[in-house]
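So that the names make sense, note that chain A is the first sequence line, chain B the second, and so on, each numbered from 1.
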2 protein chains.
Amino acid sequence: MAVTIKDVARVAGVSVATVTRALSTPEVVRPATRDRVREVAASLGYHPNRAARGLITGRTGNLGLLVPDLANPFFPGIVKGVQARAREADHAVFLADTDEDPAAEATLVRRLAKQVDGLVVCSPRMADAELRRLAGEVPMVLVYRRIPGIPSVTAGFLDGMRQAVGHLVALGHRRIAYVAGPKTSWANRERLRSLRAVVRTADVDLVEVGNVMPRFEGGVSAADRVLAASVTSVIAYNDLVAIGLLHRFAARGVPVPAGMSVLGFDDIPLAAMVHPALTTVALPQNRAGQAGVDLLLQLLDQPAPHTGPRRDQPAPHMGTHAGTRRELPTHLMVRGSTTSVH
Amino acid sequence: MAVTIKDVARVAGVSVATVTRALSTPEVVRPATRDRVREVAASLGYHPNRAARGLITGRTGNLGLLVPDLANPFFPGIVKGVQARAREADHAVFLADTDEDPAAEATLVRRLAKQVDGLVVCSPRMADAELRRLAGEVPMVLVYRRIPGIPSVTAGFLDGMRQAVGHLVALGHRRIAYVAGPKTSWANRERLRSLRAVVRTADVDLVEVGNVMPRFEGGVSAADRVLAASVTSVIAYNDLVAIGLLHRFAARGVPVPAGMSVLGFDDIPLAAMVHPALTTVALPQNRAGQAGVDLLLQLLDQPAPHTGPRRDQPAPHMGTHAGTRRELPTHLMVRGSTTSVH
DNA sequence: CGAAAGGCTGAAAACCTTTACAGATCTTGA
DNA sequence: TCAAGATCTGTAAAGGTTTTCAGCCTTTCG
């Protein structure tokens, strides 16, 4: 049915070994033969069967990508970044959406592990220990989560927070609310930690408003508590929450930004589309995805672990090497949802 | 390194043939042996190498999914639907984002074709003829595009338009603008065709406002022309365009819905988050993805084409069979962006 | 008790590719 | 012209699985 290497060999009048060499190590075969083989291959539309190749080389040429929820507009950007870089490196990518289910994450990692060279795992919800175990089973890089020993790509939350708070302070705000995301979320913990650190060095009061789901509804549900906190500005866990706040503020007749400055996090495309457009801390999405793939490919190119790696010393892909951690810059996008006090 | 069928065979004291049978055709092996083998397999954490299996069975257990632009919020829903159904059927899915590039579509289809059993191709931008050719090379189902001879999943645009226009007419609107999407888009052509058909039977004037990109900016750029058309309501090609309109109307001081009713298409999650929330024709996303996978799997289960299929009769997967076309229902989501005239 | 029938199991081929090794051809220098 | 070396090419094994075929053992019936 499909054209195989044998067909090419037969038509070109050479052995299959020569065909594979002409295609993958052209320099070792005589130019005349090489060109003939390549011509035949092209005319027959031959492409090596990657599964068969993977069987022998141990490399599938495929990558896996796990995201918690594709419906969260933060993730498509990352996925696109991963795709773009993977395609450049001639790799295809398996995508799995875990529906925010930590248990599904482990299952899917294992399910995919056999078919890929490595995985990019995005904002995983599962526990550190479990993740570490999985990282021992299959090469893996983390995006938007940091665990010592596993290569990771994150963004400068602390710096982002510094810019955000700096912006509000410059506008005269002295009481700021923070609407926190899920307690179990690493990103939320990091943002909160950064925020507290920043606040400590500035002359502002911070009011923390309970944990909400990182979605529109979470913002809606937190809005009234924010209003009750008598603050002049609010930083939301992410843009979706911020937009939920906006929605509820509008319904309550609180003008934004005149009556309340709202600041988001992520800079999802949506942030620029709402009215007023959202001031937000932009986190790289595309670039984070790309960086994830870069790290992963780099990891895979490292000398392979000794067959039967010792238990007592981490396998090379555990990420003990340099350049294994990457922190991308963040920047503040000032739009219409923040303004000066009075 | 990884545990293979040989390991299981050795430990269980049987041949590899028995192992594979115990796992994939349990009824043919003696219960005692079967149980022992399965136990050993489980304890060793054995999972068949799918690449190797695919080599011999011709089935990879993988599906491919092509989308034009994951950043368009319409598509993540479809992707999630595909994922969900694929996972139920124990298939993994390759995702490729074509970045709205028709040329990339063909390349990616061919690139993926070797590694999957079939493809779900979503809202493809390429020409019918090209798509037909590709469908001859690899089992394929179309989602949100209909081409005779290729299995497809679409939604009832005509019915959706009937509901949309009916809603506006009931509210007293007599002049309606339509902001069209890209001329090359099949969805746009269908929507326009449906709209014209509906308008013909109702007592309303239709003003068509030029073709715009199917994004937020497209709506922004069309808004002024809509205002100049002295209509009381506008139907946008999709929600993103509608939201762009909303944005520009707000900037121009035109109150929505009091001064202008705005109606979208798709019902992306965002539609409910903007202010005012968008009245829109809801197209199934998740269900469309699921239906696409259903159709594809059904296609694959059909008797395989005779080895060396005749040129003069379509291969089975060309979709000459019944049940090969599926049209899902649409419904109008009435929210805050439409109201009665005066 | 013997033979046929049926149920289970194992050996080996097949899927498509890459690669180690050995063989063949060509070039070069004497 | 011959030998040695370099260059190129072919054979065969390997990778993990499924499947065909044949053979073994057990059962059943005469």
For the side chain of B/Thr20, counting heavy atoms from C-beta on, which of C/dT9, C/dT18, D/dT19 is nearest? D/dT19
Rounded to whole angstrom units, what separation is found between the [atom1] atom of [X] and the [atom2] atom of [N]?
{"X": "B/Lys6", "N": "C/dG10", "atom1": "NZ", "atom2": "P", "result": "16 Å"}
{"X": "B/Arg30", "N": "C/dG10", "atom1": "CZ", "atom2": "C1'", "result": "14 Å"}
{"X": "A/Leu55", "N": "D/dT17", "atom1": "CG", "atom2": "C1'", "result": "8 Å"}
{"X": "B/Arg21", "N": "C/dG10", "atom1": "CZ", "atom2": "P", "result": "8 Å"}
{"X": "A/Arg10", "N": "C/dC16", "atom1": "CZ", "atom2": "C1'", "result": "14 Å"}
{"X": "A/Ile56", "N": "C/dC15", "atom1": "CD1", "atom2": "C1'", "result": "13 Å"}
{"X": "B/Ile5", "N": "D/dT18", "atom1": "CD1", "atom2": "C1'", "result": "8 Å"}
{"X": "B/Asp7", "N": "D/dG15", "atom1": "CG", "atom2": "C1'", "result": "13 Å"}

Would you say the side chain of A/Thr25 lies within less than 4.5 Å of the side chain of A/Glu27, judging by non-hydrogen atoms? yes
Does the side chain of A/Arg38 come within less than 4.5 Å of A/Leu23's, by heavy atoms? yes
Tell me which of A/Pro31 and A/Ala17 sits closer to the 5' end of DNA chain D, going by the nucleotide each one is nearest to. A/Pro31
Scanning both residues in full, the closest heavy-atom pair of A/Val8 with A/Val19 reads CG1-CG1, 3.8 Å
Please classify the nucleic acid contact of B/Thr33 as base, sugar-phosphate, or nothing, using heavy-atom distances under 4.0 Å. sugar-phosphate
